[in-house]
Every structure is written in C-alpha cells, then in structure tokens.
2 protein chains.
Amino acid sequence: MIAVKVSEKSIRRLSHYARCLRLAKIRGESIITSQELATNCGISSAAVRRDLSIYGEFGKQGSGYKVDDLLVNIENILGTTDPPSVIIVGAGSIGCALMISGLAGTAGYTYDSIFDNDPAKIGRYCGEKQIRPIDEISEVIRDKKEVIAVIAVSSGSGQDALEMLVDAGCNAILSFALEPLKAPDNVEVRYVEVSTELDVLTHSMRRKERVN
Amino acid sequence: MIAVKVSEKSIRRLSHYARCLRLAKIRGESIITSQELATNCGISSAAVRRDLSIYGEFGKQGSGYKVDDLLVNIENILGTTDPPSVIIVGAGSIGCALMISGLAGTAGYTYDSIFDNDPAKIGRYCGEKQIRPIDEISEVIRDKKEVIAVIAVSSGSGQDALEMLVDAGCNAILSFALEPLKAPDNVEVRYVEVSTELDVLTHSMRRKERVN
DNA sequence: TTCGCTTAGTGATAGTTTGCACAATCACAA
DNA sequence: TTGTGATTGTGCAAACTATCACTAAGCGAA
C-alpha cells in the first residue's frame, strides 16, 4: 500500500466509518451508501466519498459500498486489522475504570496490563488483571514490541510517566493528564481533555444565552 | 461583550491558555509572553496572539500579557468565571471514576450529582456523593438551571439517556458512549472518543513503520 | 436491449486556518 | 529626552479543508 499523507481529521472520520460499519454488519446489512454513513456520522456524503476515494475506489456506482469489504479496507488503512496492545499507567480511579469497562465495540483493542508505583496497590485486581509494579513496564513493552500506553496518573506525574515509557521504547501515548507533556518527535502523544470539552460546552451554552 | 463568531479550535486553545495561566499563577508569575504560552501549548506564538486579538487587545507591546488579567478575560470569554454544575448519568466504572477523580485544576467545575437506573446501585457512594435514582434528574436540572451532563452509561443506552436529559431541559452534553447520538439543534453534544484516539495512534504508529 | 434511477468519484470553487514578517508600541536605562 | 531591545497586533500569502455540482457507471424493469 502507498503511504498517503492525509489529515488527522480524515483519519478520525475513518475510525467513525469503521464503527458504523461494524454496527451495520451486526444489523446484517451487506451494502451501505455514502449517504447512510454520512447521516450516521453527522457529516456530508461528499465528505465520506472524498475520504474513501483518497485510498482507492471501494464503492460501486448505483449501489454503494460492500460493508465487509469496506471495513476490511479501512482497518487496513488504520492498521487496526491486528491492533496493538494497550497498557495503562496509573491504577487510580480512571485507570481502573478503563481497565474494567474494557474496549468492547472498538477495533479489537484489549487492555493488556495495568501498572502503578504505589506498593499498596500492587497485586490488587482491576477487573481480571492484577496491578503490576511500574518497573515491569519496560519488560512488557520490549516483549510486545508495539504498545499504546494510556497515562492515567495523578496530576503532576504525567511527565515522569511519559519519560519512563519513552525510555522503555513506547512511541504512542494517550494521556488523561491535565498538563501538556513534552515528548520526542518520534513519539505521538494524544490527549483526552475532559476539562477542555467542558469549557467548550460552557462557552457554547453561555454564548447562546447572550444571542437570545 | 460582543458575541464574536469564532472557530471551535480557537475556543479549545483558549481553554489551554487558561490552564497554562493558572499554572503560571501558581508559580507566582505575573507576566507571560505569547511565546511562553505558545511553547506550553505546543503551537506558534502568532497563533496565540491571533486568538487573543480576536477579543480585544489584552497585551502590552514590549512586555507581554498580565497573567491575572488575561486569565480573567479568557474566563469571561469562555463563560467559566462561574462555571455550570456537572452531573453524571450512569454510575458504572467510568461514571464513578469521574466523580471520584474530580476536576481539580480545571476552571472550577464540580460534579454535582450522579445518577443510575439500577436499583442495586442507588444509595451507594461514589466518593462523597450518593448515587441517585434517574427519575430525579429532571428535578435537579430544573433547580440548577444550567447543567452540563456527562453520559457514561453502558453501550446502547446512550440515546435513551440523551433524550431523557433533553426532555429535562439540558442542552449541553458530554458523551463517553461509543455510538453517535442524535440531538436537537439547540443541544450541544460533544464526545470523548477513546477508541478513535487509539485508532489515530495505531494509524500513526503503523504508518511510521511503513515509511522507515 | 434500452431507459430511467441511483450513487460513486472528482474537478473546481469557496471558505478557513496557519505562518511569516513587519510596523507600532512599550519599558527601561543612560 | 533619546536610543535600544523586546513583544504585540495584523496584513498578506500560502496551505489546507469543506462543499458544490457534474460525469461516469452500475442496477433493474419493461
């Protein structure tokens, strides 16, 4: 496959399409149109077609896209055909909740293990898995080769966690920490920013009041 | 204040600036430059100045921005000077974790209450707060006037939860549910999409392998 | 087959966002 | 007061993104 350079927004949308396709598959549908995908994802059908056409011609004029084939193709593009393991750093309430709630309905990710540096927590269970001491992280990362790490440590320790992960060879991180983290260029860091989402909601709510 | 029409991206960045400013305040700094804000948020200083100049001239050439004043101004713009209450629908692991972990370090949001429809859970504690029956939601929303609701229910029940909230008068929702939700135009819905973030990370990781 | 209907793929266009670069302005020191 | 160094606010160009609207192609019925 040719590695096309494409925007992050487009990749996010591919992820949404994949989710819709999985649902359509469950419903037993075998064909889906750009219009249906668009409605499900809240965008225009032209956007859907454009996103998909970047990578090839997956559809058939007059009918639409084969659900199974398109899903396979998108998972190929995303690389989620054989998804990497996910580990969690920090067995606080958020870390444990992620572990327990699992990732059902996603591309097939599974939480492999969870770590903490608090001796009192080590050995306890989060769902099925026991909390492991943090020094075992590098071993796990080396074994798995490819790992996405979720940082769910308490405020202020995010940067330390990141550095430990990077040293161990991890290059994909999803952080729930509030603070912005610094990482080398070859490491991709993304954030789940609950507080920013709340700010955006507040802004929109208050703006409406002003306008009305 | 004039209600300027502005992009969501810009609002998100304002939220980040606010966070940086709070940290700077804690560190005891009284002046901050666009360059410092930019470095902290991982963007260019021109972007910072542009975002801020949309709403007024908050800075002083030659020195920078007064930390306190700028923070007040941004909180005014976002509407977070007096932030709305946040309620949680769904006392599963994620809902409870949010309640427990709290919102320290944010604009000052507090989780007001948490609801579930499972009789077995009602009355139990999530941190300080007892889980309340779901039929009390509309009462709470009416009392508070302005509420942001976090949907953290199990897969498949997201739409039901949303409709109940909308009926009760809530018009700002943050959903952790996987499925895309349908809502009236006057209701703002945002999503925390852990699985999409993982997909984006996987894509970036796998793309690097191909290129190298 | 042929016609009419549906839908994918895409060139062109309009709209947004970003980044550069510089004039205007301020603080401060001599 | 005058000169120097720093930093803001912004015009402009370039890059990027979304949208329209059309062509080409497939499907099914008569």
Side-chain angles (χ1 to χ4, degrees), chain A residues 2-18 20-21 24 29-74 77 196 200 203, chain B residues 2 4-17 20-21 24 29-74 77 196 200 203-204 207:
Chain A
I2 316 134
V4 196
K5 198 232 158 195
V6 76
S7 72
E8 182 199 306
K9 280 197 166 182
S10 177
I11 298 296
R12 291 189 78 87
R13 285 192 299 259
L14 288 178
S15 170
H16 296 163
Y17 304 154
C20 287
L21 289 166
E29 297 164 23
S30 62
I31 298 283
I32 196 165
T33 64
S34 59
Q35 184 55 60
E36 289 175 82
L37 277 170
T39 313
N40 278 317
C41 301
I43 56 174
S44 78
S45 64
V48 173
R49 294 197 297 277
R50 174 82 62 189
D51 281 334
L52 297 177
S53 72
I54 293 172
Y55 296 97
E57 310 201 348
F58 303 128
K60 230 179 212 173
Q61 280 140 326
S63 52
Y65 301 85
K66 283 192 192 170
V67 172
D68 286 354
D69 291 1
L70 186 56
L71 182 53
V72 168
N73 276 309
I74 291 181
I77 295 163
T196 295
V200 176
H203 170 78
Chain B
I2 316 134
V4 196
K5 198 235 158 193
V6 76
S7 73
E8 183 199 305
K9 280 196 166 183
S10 177
I11 298 296
R12 290 189 78 86
R13 285 192 299 259
L14 288 177
S15 170
H16 296 164
Y17 305 154
C20 286
L21 288 166
E29 296 165 24
S30 62
I31 299 282
I32 196 166
T33 65
S34 60
Q35 184 56 59
E36 289 174 81
L37 277 170
T39 312
N40 277 318
C41 300
I43 56 174
S44 76
S45 65
V48 174
R49 293 197 299 276
R50 174 92 53 192
D51 282 333
L52 298 178
S53 73
I54 294 172
Y55 295 97
E57 309 202 349
F58 302 128
K60 230 180 212 173
Q61 281 137 326
S63 52
Y65 301 85
K66 281 193 194 171
V67 171
D68 286 354
D69 290 1
L70 186 56
L71 182 54
V72 168
N73 277 308
I74 291 181
I77 295 163
T196 295
V200 176
H203 169 78
S204 129
R207 219 178 78 85

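Note on naming: letters A, B, ... go to the chains in the order of the sequence lines (proteins, then strands), and numbering restarts at 1 for each one. Note that these values count all heavy atoms, side chains included, but never hydrogens, waters or copies made by symmetry.
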Walk me through it: do T33(B) and Y65(B) pass the test side-chain contact (heavy atoms from CB on, under 4.5 Å)? CA-CA 6 Å; T33(B) 65; Y65(B) 301 85; 5.9 Å; no
Whole-Å distance between [N] [atom2] and [X] [atom1]?
| X | N | atom1 | atom2 | result |
| --- | --- | --- | --- | --- |
| F58(A) | dT10(C) | CZ | C1' | 16 Å |
| Y65(A) | dT7(C) | OH | P | 12 Å |
| Q35(A) | dT6(C) | CD | C1' | 12 Å |
| Y55(A) | dA8(C) | OH | P | 19 Å |

If you round to the nearest 0.5 Å, how far is SG of C20(B) from CG of L37(B)? 6.0 Å
Interatomic distance, L14(A) atom CG to I54(A) atom CD1 [nearest 0.5 angstrom]: 7.5 Å
Contacts of type side-chain hydrogen bond (donor to acceptor under 3.5 Å, both in side chains), residue S10(A), not counting sequence neighbours: D51(A)
Non-neighbouring partners of Q61(B) that pass side-chain hydrogen bond (donor to acceptor under 3.5 Å, both in side chains), sequence neighbours left out: none
Give each protein N/O atom lying under 3.5 Å from an N/O atom of nucleotides 20-22 of chain C, with the pair distance.
unit_1	atom_1	unit_2	atom_2	d
dA21(C)	N6	R49(B)	NH2	3.4

Closest nucleotide of DNA chain C for D51(B) versus for S45(A): which of these residues is on the 5' side? S45(A)
Where chain B begins and ends its contact with DNA chain D, read 5' to 3' at 4.0 Å from heavy atoms: dA6(D) to dC12(D)
Give each protein N/O atom lying under 3.5 Å from an N/O atom of nucleotides 27-30 of chain C, with the pair distance.
unit_1	atom_1	unit_2	atom_2	d
dA27(C)	OP1	K60(B)	NZ	3.2

Of all residues at least two apart in sequence or in a different chain, which pass the side chain to side chain contact (heavy atoms under 4.5 Å, CB included) check with S53(B)? none
